[in-house]
Structures are given as structure tokens and as C-alpha cells.
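Right, one structure below, let's go through it.
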Amino acid sequence: MKYDLEFLENYWMPFTSNREFKADPRLVVRGEGMYMYSHDGERILDGSSGLFCCAAGHSRLEIAEAVYAQLKEAAYVPPFQLSQPLAFELARRLSQMTPAGLDHIFFVNSGSESIDTAMKIAYAYHYSRGEGQRQRFVSRERAYHGVNMAGVSLSGMIKNRQAFGPGIPGVVHMRHTWLPENRFVRGQPDTGIELADDLERMAMNYGPDTIAACIVEPIAGSTGCLVPPKGYLERLREICDVHGILLIFDEVICGFGRLGAPFGAQAFGVIPDVMTMAKALTNAAQPMGAVAVSDKVHSTILEAAPEGAVEFFHGYTYSAHPAACAAGLATMDLFEKEDLVARAETLSPYFLDQVFALSDLEIITDIRGYGLFAGFDISPEGGAGVRGLDFQKRLYHNGLHIKMTGDAGLLAPPLIAERKHVDRMCEILRQTLLEY
Ligand SMILES: Cc1ncc(COP(=O)(O)O)c(C=O)c1O
């Protein structure tokens, strides 16, 4: 098939330089394990698990078969006042992976929807306890919480909000945790815990009883993998506890083994009240997200409603879609059978060694990393993000896919990666950086 401009005309691509792309299309027609295969027959190593979502590798047959079987059996069941067994089964399996006490699962269809849902849960929780005045949310600079209006309002990445109005009122932002003195620090930096005190300042500035929740990604992902300083998340937890503020972790990237533990919460030993997730939940074979909620938050909302009444006026036509549940369950099986979380933990030191070895290149101005997740910055040229986009294209033509955000590169290989894949990934990165 000829992928000329006429063929490409009608699809408006997301987060893409459409005009540039259509002049030099990069189409993937097949995926398998660690690789994607392009329309012109090239094999591309996947250094970012698609978009951090294909944790068990591309196009797993086990998942495809489970989805196909479910679609034949019951392709759709309305999720309001009716359900299907896989929803309960997946919630049960998932609750075995989430931290103890975060056992109530609400299903959605994407990470962005999980953020809307978590915000509504926070509003509803406080409303149910007679504290409906708690309507402020504390987020963080450089945060990425998806693209729906809730996520855009919480966002701390300028391009993602600049054109889209003022957002939901009452959202305030703490400082981000990137500090110049922490450049090239592997794992959690020693300095920066004091940045968590921004939450206390917000509480003192607005009144602690006006704040519904503080929301952070355990590691700020899309912006470039900012690992929290030692003690930072613990301090946020303490401040939330003192003031009755809910702590929400957005685990959309950090979840499902990426950090060498089931979720960021377990990796850093800090347990939030609410956790959002998506992406690797179904290994990206079906769109799905979820929100895990603590017993306290769940029972407060349920018990505030009259007996027999709907407790939470929220849900989507495709909440707990049968095909997505089937994909989720098959993914959980793969996580168990292939011990993917432990694999990520085992490979992490080697992965970080190889990635940090790139720090001898002058063009690299910082590297950060934790688990099977790393970010690096390249010095910009021709305006912010211009070199980043060019670099991503060159990588693709050299046989490697990674996610770039501006001039930051994000490395998050599938958890099935072996040392040879890490070696190859770093080889292509080095060779391509040397082209500049
Ligand atoms: C931390 C975080 N939250 C939310 C989202 C939004 O997820 P989705 O693109 O599935 O809506 C993302 C996507 O990358 C993310 O990284």
C-alpha cells in the first residue's frame, strides 16, 4: 500500500506534528515481544513499551485469545445496575497487587478518565463527611495527569494547558522536584525533601479545610522521569494526615512493575488514599484504566447514601468493558507466570548502569532513573523541543523507538527485556547522539 499524502489526509493525529509526519510517515504494521515492525519492513526495538503500556511485550497471543473468546461470548454488558463476572474477578486480582487497604476498584477507559474519577471521588468523599467546602486540589509543576479537563487543570506542563483556558477553579501547584544539584543522580536524590513543605504552605495560605486532595505522580513521568527526593513522598503523606487532605498517587506510568515493585506506592513505601492506573493494566491490548480506593474513602461514600440508593453518580458506558476485563485478566496471568515485577527489579541495576554510562556524552545534560524507568535531557537547539523531535525521528530510522517530551528522552523498556536489549538500546542512543 502506498502511504501518500492523499491516503494520510483525514486522520488528525494526537500529540503529533501532523504536517511533518505526513511528509515522512512512520507506520507500524506489526508488533511482537520487544519489537515493532514498520510499513517499510524495518524492525524497531521498543525502548518505551509503546507509551509505557506494553509491559509484557507487544501483541501477546494469550491476551488476544482471551479478548477474542470474550467478544464471542458476551461482547458488551451494560455496567449500570448490571454487570458481568470478569469485572469482579479483575477487581479481585487487581486488589491483590495494590497495597493492602486500597482494595476497592473503579474501572474506567483511560488514564485521563482515571484522573477525572479520582477527583470526583475526592469531592464526593469530603461531601459525604459534611466537608463539601474542601474543593481545592494541590498538584505540582511539571505534572502530567492526562488530557481531559481535570487532568489539564492539574497539569504542570505548559504546552498541555496553554491553549485550553483556565481549567477547573481551585487547583494550585507545588514546585516540581527537579533541582540542578541533583543532576546525574541515580535513584532518589538526597536533597529536596523541603519541596514537600509547599503543601503545608498551600494549607496555610488557603486554609487546610479547603483542600480536598494532593495529587502527584510518585515519579513525575511524562515530563522526563523526575525521581522524588528521599523523604519527599513521606512528608506529603504526613502533611495530608495532619490536615485531613487525601493523598492521590497517579500511578498510570509508575504502576505494574515499572519501578521494580507492583506500584510506586510499594516502591517508595508510602501508601496514598487513592491510586489511579491504566496503560499496563491490559498490556495496552484494550483501553482501560482504574482507580483503587482505600476502605475509609469507599465506606464513607457508600455509607452516606440512603440504603438502596446509588452511592456515586459516576461511570462510563464502557466501564469494566468485558473485552478489557478479559485483557486485564490475561495480563495479570502474564505478570504472575512470568514474574514480571521481579524481572524488572532484577534488570534495573544493569539497565541504570548502561543508561548512566551515556553521561560521558556532552550533549546529555542530565540523566535520572529508578527501576526500569529513566529520563535524560539533551541540550536543545533551534528552540525547545526541536532537537528532541529530530532525535526521535533519527532514532526510529536507526531502529529504536523511545518517547520524547520536548528535549527529554524517556526509557521504559518492556519488563520482558533482557540485557542484550538494553545494550542495543544504549548502542543506538549513543550512535544517534553522536550524529549531532
Ligand atoms: C501519569 C499519567 N497520568 C495520566 C495519563 C493519561 O493517560 P491516558 O493517555 O490513558 O488518558 C498519563 C499518560 O501518559 C500519565 O502518564
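Both ligands and their constituent atoms are indexed starting at 1 by order of listing. Values below: all heavy atoms of this structure, side chains included; hydrogens, waters and symmetry mates excluded.
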message = Would you say the rings of Y123 and F137 are close, in the sense that their centroids are separated by under 6.0 Å?
response = yes
ask   = Ring centroid separation for H39 and Y3, is it under 6.0 angstrom?
value = yes
query = Is the NZ or CZ atom of R30 positioned over Y37's six-membered ring, under 6.0 angstrom from the centre and within 45° of the axis?
reply = yes
request  = Using the six-membered ring wherever Trp is involved, compare the ring planes of F106 and F312 and label them parallel, tilted or perpendicular (cut-offs 30° and 60°).
outcome  = perpendicular
Show the atom names and distances, to 0.1 Å, of all donor-acceptor pairs under 3.5 Å that link a side chain in residues 290-298 to residues at least two apart or in another chain.
| residue | atom | partner | partner atom | Å |
| --- | --- | --- | --- | --- |
| S294 | OG | V297 | N | 3.2 |
| D295 | OD1 | H104 | NE2 | 2.9 |
| H298 | ND1 | H104 | ND1 | 3.3 |

query = Under a 4.0 Å heavy-atom cut-off, which residues neighbour ligand 1?
reply = S110, G111, S112, Y144, H145, G146, E217, S222, D250, V252, I253, K279
ask   = Does a salt bridge link R394 with D390, judged by any charged N lying under 4.0 Å from a carboxylate O?
value = yes
